[in-house]
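One structure is given here, and the rest of the page talks about it.
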Amino acid sequence: MQIGAHALVFTGTFDEAGLTHAIRETSKAGFDLIEIPLMDPAGFDRDLAARLLKEHGLAASASLGLSESTDLTSPDPAVAAAGERMLGECLEIVHAMGGTRLCGVIYSAMKKYLEPATAAGRASSAAALHRLAGRAADLGIHLSLEVVNRYETNLLNTGRQALAFLDEVDHPNVSVHLDTYHMNIEEPDLFSPVLDVADRLGYVHIGESHRGYLGSGTVDFDAFFRGLARIDYDGPVVFESFSSAVVNEDLSRMLGIWRNLWQDSGDLAAHANTFIRGRLHGVRSIAG
Ligand code: FUD
């Protein structure tokens with residue numbers, strides 16, 4: 001099992017200085033993996049990332065949220081096609097970095113929709129993801145669809161909705177990505193959705209209710225980690241936290257990161273690494 005951190009804990013810019021800092025600090029905090037947001041794939045230096053990851057002995061995954069101009073559920077075929085092209089480019093980048101996972105809100109735009117998802121939008125997204133899953137499999141990359149709260153998509157707000165959508169995508173190379181921050185808003189509890197998704201769970205984000213220090217909010221982490229142990233989950237577990245101390249133009253705006261929840265990324269990350277490993281160890285010893 002790989003324990004990781006989202007790069008936004010350390011940097012909002014992905015030029016040489018930002019990438020170097022994020023990769024060095026993620027490794028220093030004790031993580032195995034860094035999740036790199038590919039909000040701007042065109043401006044991302046994949047060779048540099050690959051070199052830095054190797055230097056620091058860190059694995060990488062990538063995530064993103066699509067935008068209005070790349071929304072796979074859009075009624076405009078040109079927009080949906082742009083989304084598919086962009087995700088194809090992201091697959092190439094993940095491959096070049098030596099990564100094996102692409103996740104996030106890769107099925108719709110990451111935004112507050114003012115209307116429900118349409119049957120046509122859903123079908124267009126499922127069909128595009130089916131094609132992308134095949135290309136991803138050829139590159140040794142697995143796709144996971146992140147379930148997020150109602151203010152960030154109108155398509156997948158619960159684990160059960162994600163399972164129904166996976167049936168429509170109909171490809172074994174796609175799984176569900178659960179995030180405790182979003183589950184805390186939308187799900188009945190933090191345990192039963194993990195059991196519902198079970199072996200179709202492929203990626204996990206660990207975030208607190210206010211997206212700050214783990215254990216200082218209202219997320220029921222005991223229930224969540226018990227769920228992971230019960231289903232023998234062995235995929236990536238990635239810490240995600242956002243504060244106005246680290247700003248990325250696209251992501252911070254989309255996610256409404258207006259408050260300063262922490263200043264010291266290094267302290268936050270080391271705390272999260274200990275917290276996650278401690279909880280995983282705790283539930284394993286109880287189960288065993
Ligand atoms: C969004 C979220 C993130 C997002 C990722 C993109 O609310 O939880 O996981 O998809 O940060 O890189």
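Values below: all heavy atoms of this structure, side chains included; hydrogens, waters and symmetry mates excluded. Indexing begins at 1, ligand by ligand and atom by atom, following the structure's order.
- Close approach of ligand 1 to H205 (heavy-atom distance below 4.0 Å) involves ligand atoms 9 (O).
- When each atom of ligand 1 is checked for a heavy atom of D179 under 4.0 Å away, the hits are 8 (O).
- At distances below 3.5 Å, not a single donor-acceptor pair connects side-chain atoms of S125 with backbone N or O atoms of T73.
- Contact atoms of ligand 1 toward M110: 1 (C), 10 (O) (distance under 4.0 Å to a heavy atom of the residue).
- Between the side chains of S243 and N260, at least one donor-acceptor pair of N or O atoms lies under 3.5 Å.
- Close contacts between ligand 1 and P37 involve ligand atoms 12 (O) [criterion: under 4.0 Å to a heavy atom].
- Of all protein heavy atoms, the one closest to atom 3 (C) of ligand 1 is E240 OE2, 3.0 Å.
- With hydrogens left out, the protein atom closest to atom 10 (O) of ligand 1 is E146 OE1, 2.7 Å, a heavy atom.
- Counting protein heavy atoms only, atom 1 (C) of ligand 1 is closest to E152 OE1, 3.2 Å.
- Contacts between R211 and ligand 1, counted as non-hydrogen atom pairs separated by less than 4.0 Å, involve the side chain only.
- Nearest protein heavy-atom neighbour of atom 6 (C) of ligand 1: S63 OG, 3.3 Å.
- Using modelled atom types, one finds no donor on one side chain facing an acceptor on the other under 3.5 Å when comparing T26 with H56.
- More than 12 heavy atoms of other residues, nucleotides or ligands shown are found within 6.0 angstrom of CD on E168.
- In summary, the atoms of ligand 1 found under 4.0 Å from a heavy atom of H182, numbered by their order in the structure, are 1 (C), 2 (C), 7 (O), 8 (O).
- S252 contributes a side-chain N or O that, together with a main-chain N or O of N248, makes up a donor-acceptor pair within less than 3.5 Å.
- Shown here is R211, whose CZ atom has more than 12 heavy atoms of other residues, nucleotides or ligands within 6.0 Å.
- Aromatic pair F275/F239: ring centres not closer than 6.0 Å.
- Contact annotation: for M39 versus ligand 1, there are no heavy atoms closer than 4.0 Å.
- By the criterion of a heavy-atom distance under 4.0 Å, the side chain of L255, and not its backbone, is placed next to ligand 1.
- Aromatic ring centres of Y203 and H142: separated by at least 6.0 Å.
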